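One structure is given here, and the rest of the page talks about it.
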Amino acid sequence: MPELPEVETTRRGIQPYVLQKKLERVIIRQPMLRWPIADELPLKITGQKITQLTRRGKYILFGFRNGTLLLHLGMSGSLRLVAKNTQPGKHDHVDFVLSSKILRFTDPRRFGSILWTEQDPMQHKLLNHLGPEPLEETFSTEYLYKKSRHRKTPIKNFIMDSKIVVGIGNIYANEALFLTGIRPTLLAGKVSKTKYQLLIKNIRLVLSQAIQQGGTTLQDFVGGDGNPGYFKQQLKVYGRAGEPCVNCKKPLKEIRLGQRSTVYCSHCQR
DNA sequence: CGGACTCCCTGCCGGC
DNA sequence: TGCCGGCAGGGAGTCC
């Protein structure tokens, strides 16, 4: 399940091989992703140079002179650089053939998406409603506190809402709430300004640590044989239900919130 | 508008 | 050992 750190790590990893490079060919083996890949896509981008490579939330944006390719990894997607003679596997749905390598999109569960737009990408309907980037200044205590007033949704759902702030998936929502000592079920409208200030700090901490760690496994993306890893080794609550809390040693609890697995310490999180 | 819920897909895990 | 049911999960879409 790629979260923002994996997406950003992917973007940084592929950047040197992609930016200002010409796309020689696009091979689509399976167009049925979350939405079907537009028939016109190869026609639009074959032979074109990739002039920009940016990220908005968990979307990676490939900028061309004539438009933008929006790519989302869904929950099982990945982008890897592989040698040109590499045979595709079962779930290798799309190849972007560059001059020296292939940028290969793999996605077993096909929750990912690849879209083409010729308008300003930020005005695209998948991007135009998105909240601020969690690592940027606009994601401030003042902003989050104001947005949260009178909200009756649990704090965990609130910070996972992309209209509020982008890029906080289930894993890091669990982790940030643990670090801040906030119970995931607490209603967003009931969280104090002081706690929001601390929560923002911890969201940035877990995300930036994971991005930093991702940097050390960058060769996985360019080498093509490793997996990017989910930074599991340093997770304090996610995937640890029933195991002792790292602070108080009491067993961690697991509940479902918004259909998502939610793990917390009933002693340390109030 | 907010909040609750559904659905897309398939690898994996537990139960028998 | 093999089969099968159920689960996980990002996030758009729908409904009230």
Side-chain angles (χ1 to χ4, degrees), chain A residues 1-11 29-38 55-61 70-79 88-94 105-115 117 121-134 144-177 184-191 203 206-207 210 227-232 235 237-242 254-263:
Chain A
M1 52 231 81
E3 294 234 14
L4 186 139
E6 286 91 338
V7 178
E8 178 59 18
T9 301
T10 297
R11 190 192 67 79
R29 300 184 196 85
Q30 170 58 275
M32 298 309 290
L33 304 179
R34 175 163 192 181
W35 296 287
I37 299 174
R55 179 185 61 74
R56 179 75 175 99
K58 292 182 187 169
Y59 289 88
I60 296 177
L61 284 69
L70 304 180
L71 188 148
H72 197 291
L73 298 174
M75 63 163 290
S76 59
S78 66
L79 275 175
K90 186 179 174 187
H91 302 296
D92 294 340
H93 306 315
V94 180
F105 177 75
T106 307
D107 188 4
R109 295 188 189 177
R110 289 195 266 137
F111 275 32
S113 46
I114 295 177
L115 299 150
T117 180
M122 295 309 167
Q123 299 310 311
H124 190 276
K125 68 168 174 151
L126 294 178
L127 304 185
N128 64 8
H129 65 279
L130 295 179
E133 290 285 329
L144 198 54
Y145 182 70
K146 271 192 182 156
K147 279 276 182 190
S148 70
R149 291 308 87 184
H150 309 114
R151 287 290 294 259
K152 294 182 183 7
T153 195
I155 182 69
K156 176 162 176 271
N157 300 27
F158 182 66
I159 60 170
M160 288 178 68
D161 181 346
S162 65
K163 290 190 289 300
I164 302 301
V165 56
V166 296
I168 303 175
N170 196 37
I171 297 177
Y172 294 106
N174 277 296
E175 294 299 308
L177 288 170
T185 49
L186 186 59
L187 300 187
K190 298 279 184 189
V191 177
I203 286 170
V206 292
L207 293 178
N227 80 72
Y230 301 137
F231 319 106
K232 275 228 163 69
L235 300 178
V237 286
Y238 184 81
R240 294 196 62 238
E254 177 163 28
I255 56 168
R256 319 257 338 143
L257 265 185
Q259 327 284 80
R260 296 294 180 270
S261 163
T262 303
V263 187

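Below, each value reflects all heavy atoms present in this structure, side chains not excepted, and no hydrogens, waters or symmetry copies. To find a chain, count down the sequence lines: A is the first, B the second, and so on, and within it residues start at 1. Predicted, not measured: the structure shown is a model, and the values here were computed from it.
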Any N or O donor-acceptor pair linking the side chain of Arg260(A) to the base of dA8(C) at under 3.5 Å?
no
Check nucleotides 2-6 of chain B against the protein and report each pair of N or O atoms closer than 3.5 Å, with its distance, or say if there are none.
unit_1 : atom_1 : unit_2    : atom_2 : d
dG3(B) : OP1    : Lys152(A) : N      : 2.5
dG3(B) : OP2    : Arg151(A) : NE     : 2.4
dG3(B) : OP2    : Arg151(A) : NH2    : 3.1

Look at all strands and tell whether Lys147(A) reaches a base, only sugar-phosphate, or nothing, counting heavy atoms closer than 4.0 Å.
nothing
Which part of the nucleic acid does Arg34(A) contact within heavy-atom distance under 4.0 Å: base, sugar-phosphate only, or nothing?
base
Can you list every stem that DNA chain C is part of, counting only runs of 3 or more consecutive Watson-Crick or G-U wobble pairs with both distances under 3.5 Å?
B:2-16 with C:2-16
Here the pair of heavy atoms bringing His129(A) nearest to Leu126(A) is CE1-O, 3.3 Å
In Å and rounded to the nearest 0.5 Å, what is the CZ to NZ distance from Arg29(A) to Lys90(A)?
15.0 Å
Determine the contact category for Leu126(A): base if any of its heavy atoms lies under 4.0 Å from a base atom, sugar-phosphate if only primed atoms, P, OP1 or OP2 are that close, otherwise nothing.
sugar-phosphate
Locate the shortest heavy-atom distance separating Phe105(A) from Gly112(A); write the atom from each residue and the value.
CZ-CA, 4.4 Å
Any side-chain heavy atom of Val165(A) sitting closer than 4.5 Å to one from Ile203(A)?
no
Heavy atoms only, 4.0 Å cut-off, all strands: where does Phe158(A) land among base, sugar-phosphate and nothing?
nothing
Smallest heavy-atom separation, Lys156(A) atom then Leu177(A) atom, equals CB-CD1, 3.6 Å
